[in-house]
Amino acid sequence: MDFIIAKYNYLIYVILMMIGFYAMIAKNNLIKKIIGMNIFQTAIILFFVSIAYKKGGATLPILTHADAHGEHAIQVAQYLNPLPHVLMLTAIVVSIATLGVALAIAIMMYRKYHTLEEDEILKAIK
Amino acid sequence: MKTLGLIVSIIAGAFLMYGTIDMPDWGDPNSPASIHVSPRYITNTEVETATPNMVTSVLADYRGYDTLGETTVIFTAGMACILLLRRRGGVRKARR
Amino acid sequence: MIIEQAPPLIVIIVLMSAVATPLIGWLRKDLCYPWVVLVLLASTCCSVLVLNTVIHEGVIHYYMGGWLPPWGIEYVIDHLNAMMLVLITGSSLLVAIYSKRSLEAELPDRTVSFYTLFLLQVTGFLGIVITGDVFNLYVFLEIASLSGYALIATGEEGAPFAAFRYLILGTVGACFYLLGVGYLYMVTGSLNMADLAELLPALYGSKVILVAFAFFMVGIALKMALFPLHMWLPDAYTKAPSAASALIAPLMTKVAIYIMLRVMFTVFRPYFSIDLLPVTKIMLYAGIIAIFAGAVMALAQRDFKRMLCYVVIAEVGYMVGGVGVANAVAIKGAILHIMNDVVMTLGLFLVAGILAYKMKNHEITAFDNIFKKMPFTMAAFLVVALSVIGVPPTCGFFSKWYLIQGSVMAGNWTFVVALLFSSLVNIILFFRIIETGYYDFGASGSGHAHEEGSGVSEAPLSMLIPTIVVAAAIILIGLYNQSIITNIINFAVPKL
């Protein structure tokens with residue numbers, strides 16, 4: 001029980017990710033596959049952002065007082081870890097770009113076959 | 001395909017949960033992720049980059065090369081859409 | 001000065017030119033082709049310079065923006081990277097020279113965006129290979145993948161669907177890789193490969209590390225099309241435009257194998273990958289299965305390009321199995337085979353592109369009497385085929401020799417049998433084409449078909465020259481293999 005309370009963020013992201021993963025593999029409709037892909041990538045973003053969190057009153061990674069000397073010296077535990085946030089900014093952009101290309105390919109297929117069901121497209125190709 | 005997908009995703013999920021056993025607790029300020037590389041970003045951002053926002057200073061300075069890659073990803077996606085969806089004179093033909 | 005800045009220039013020249021390509025195409029469309037060739041030529045010069053520096057002066061470190069490694073991003077170029085850089089720039093230069101005529105035939109109105117994505121694809125490969133940072137590798141992996149999906153989707157009937165399937169599986173692969181990066185970051189707090197290698201040994205018992213390693217390997221196996229995960233490859237590479245498949249087919253799988261070597265032997269120590277976990281055993285059997293499955297499925301194909309795709313799958317089995325044997329000789333063979341396989345697969349797909357350009361068809365049965373009609377192309381093809389089979393003066397023999405020698409030393413007879421079986425199948429595969437091409441079956445069909453085929457003549461020079469250069473390279477690498485091994489490959493083999 002302690003285990004779940006201490007790490008529930010990491011467990012929830014796994015469940016979310018597997019929902020997306022299942023949709024990517026098993027769904028027949030291409031748009032549903034794309035939605036699954038997005039859930040999958042968002043779960044990973046959730047995971048990375050969870051790494052950055054620090055309990056005990058840490059705030060956003062923006063310096064609040066500019067003169068960081070003396071008793072106002074910067075405490076590392078005061079601020080959230082900025083690095084995972086930076087990585088996830090990149091990963092969000094990557095996931096949006098992938099979404100764009102996937103939708104472009106889906107539009108191409110819709111123009112040609114007038115359907116987005118995987119089995120119907122496979123039938124049309126053969 | 002449905003059962004296969006279910007089996008694969010359950011196995012992968014169980015494996016990931018197995019990995020969480022040894023993870024540092026969520027939100028622990030002394031977890032390795034918070035004490036190895038990132039403290040320099042927090043303490044030195046003002047001195048080294050003159051930017052109070054640490055995310056900005058990491059994004060645009062310490063790891064600026066990643067951001068160049070990120071911009072290139074967007075450019076790639078844009079060019080991919082142009083390559084895939086552009087139809088020569090398609091709009092005019094469709095209107096007729 | 002230029003030597004100091006050469007490592008980033010390799011990538012940056014290509015990246016910035018990719019951004020400039022639409023502008024140049026907007027000014028004048030036919031300037032694109034010389035521009036792309038020029039850019040890749042410059043990048044090739046830089047990478048040869050870097051390889052030369054690495055051979056004479058050792059590993060190069062380059063700090064991006066001057067930030068020291070664990071905080072900033074660094075380039076680390078050792079012998080393995082430097083070899084990959086030369087291979088990538090060199091083969092993409094050849095494909096760029098070659099692409100002009102086949103593009104005019106296949107995508108006449110979309111050359112500008114095609115060339116832009118072509119350069120972005122090369123940027124992605126170069127960025128993956130050159131970097132020393134695990135997250136930076138992911139970003140460039142996505143650049144390479146996204147441009148690859150788009151290039152493949154422009155192909156013939158059914159290509160968009162093949163590209164879509166590749167996109168789904170490729171995204172799963174890349175995301176698994178990213179997840180592995182996240183797990184490593186969580187327990188070490190670092191993203192730099194060398195720094196991770198320092199920090200990880202203390203944590204080798206941890207379950208997090210085990211999961212991270214497994215997800216790295218599965219993700220990379222998806223990208224390299226290791227046998228049970230190869231479903232996306234045959235359709236995608238068969239239906240892509242010839243210029244795109246000639247660029248992607250030789251490089252994508254080999255770059256994935258490079259990532260695998262990096263993760264196994266640089267990020268993790270060899271004793272983790274080999275002694276602590278049964279990874280190499282799994283890889284050995286995965287490689288053997290891939291060789292058998294690829295060979296058998298290649299035999300069943302009637303389409304030339306599709307047959308080549310299964311040959312590629314079997315070749316992936318060679319390298320994965322070679323690493324799986326896990327002794328120095330076999331890994332030397334596997335790394336040498338990366339080099340040889342880039343050149344050989346490039347040769348095969350260039351020939352396939354020429355045949356598709358001339359015949360408008362890539363069924364094997366259409367290749368009647370082709371030796372008489374296109375003597376130079378087919379002579380080059382013969383050299384490549386001999387190399388894939390593994391006949392001595394060509395380069396394919398030597399890597400296979402080291403692989404067999406290594407597995408004999410390790411007592412792995414199954415892998416030896418698989419390699420010999422694959423050679424045998426390759427003889428049958430290529431002999432079938434040579435037989436069809438050498439004799440005139442036109443008479444047995446109808447006179448009409450024969451007359452139609454007789455219009456086919458030798459390929460245009462812009463396509464022929466790269467093909468012949470590849471054939472010459474195969475023989476040259478074979479002849480100079482000893483100096484390549486002593487100067488480059490021996491340093492690239494990890495110390496076991």
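Every chain is numbered from 1, with letters handed out A, B, ... down the list of sequences.
Listed options V14(A), N9(A), N81(A) were ranked by heavy-atom pairs under 4.5 angstrom with chain B; first place goes to N9(A). Of all the listed residues (V73(B), N53(B), T76(B), T56(B)), the one sharing the greatest number of non-hydrogen pairs under 4.5 Å with chain A is N53(B). Most heavy-atom pairs under 4.5 Å with chain B, from the set P82(A), A91(A), A26(A), P84(A): that is P82(A). The candidate with the highest count of non-hydrogen atom pairs below 4.5 Å against chain A, out of D66(B), L83(B), L4(B), L59(B), is L59(B). Top candidate by heavy-atom pairs under 4.5 Å with chain A, chosen from P24(B), G13(B), G27(B), is G27(B). Per-residue heavy-atom pair counts under 4.5 Å with chain A were compared for P39(B), A80(B), G69(B), and the maximum is reached by P39(B). Contact count against chain A (heavy-atom pairs under 4.5 Å) is highest for D25(B) among D25(B), T3(B), D28(B), V8(B). Between chain B and the residues P61(A), A104(A), A97(A), the most heavy-atom pairs under 4.5 angstrom are made by P61(A). Chain B forms the most heavy-atom pairs under 4.5 Å with one residue out of V94(A), L89(A), L99(A), and that residue is L89(A). Among A52(A), G56(A), S50(A), the residue making the largest number of heavy-atom pairs under 4.5 Å with chain B is S50(A).
Within a 6.0 Å radius of OH in Y113(A), more than 12 heavy atoms belonging to other residues, nucleotides or ligands are found. Counting heavy atoms of neighbouring residues, nucleotides and ligands inside a 6.0 Å radius, atom NZ of K123(A) does not exceed 12 of them. The local environment of NZ in K112(A) is crowded, with over 12 non-hydrogen atoms from other residues, nucleotides or ligands closer than 6.0 Å.
To the nearest 0.5 Å, atom OH of residue Y13(A) and atom OG1 of residue T20(B) are 8.0 Å apart. Between the OG atom of S9(B) and the CD1 atom of I15(A) there is a distance of 12.5 Å, given to the nearest 0.5 Å. Rounding to the nearest 0.5 Å places OG of S38(B) at 5.0 Å from NZ of K54(A).
Classified by interplanar angle (parallel below 30°, tilted 30° to 60°, perpendicular above 60°), the ring pair Y53(A)/W26(B) is parallel.
For chain A, the nearby parts of I21(B) are the backbone and the side chain; heavy atoms of each come within less than 4.5 Å. With a threshold of 4.5 angstrom between heavy atoms, A33(B) approaches chain A through its backbone and through its side chain. Only the side chain of T45(B) comes within contact range of chain A, judged by heavy atoms closer than 4.5 Å. If you measure heavy-atom distances from L80(A) to chain B, the contacts under 4.5 Å come from the backbone alone.
Counting heavy atoms from C-beta outward, M17(B) and Y10(A) have side chains that stay 4.5 Å or more apart. Looking only at side-chain heavy atoms (C-beta outward), R63(B) and T90(A) stay at 4.5 Å or farther from each other. Side chains of I42(B) and Q78(A) form no contact here, defined as non-hydrogen atoms less than 4.5 Å apart.
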* Residues M54(B), I62(A); criterion side chain to side chain contact (heavy atoms under 4.5 Å, CB included); working and verdict -> CA-CA 6 Å; M54(B) 294 152 210; I62(A) 299 172; over 6 Å; no
* To do: Could you check M18(A) against I10(B) for side chain to side chain contact (heavy atoms under 4.5 Å, CB included), going step by step and ending with a plain yes or no?
  => CA-CA 7 Å; M18(A) 286 310 130; I10(B) 286 175; over 6 Å; no
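Across all their heavy atoms, M23(B) and F47(A) have their closest contact at CE-CE1, 4.0 Å. When all heavy atoms of L16(B) and M17(A) are compared, the pair lying nearest together is CD1-CE, 3.7 Å.
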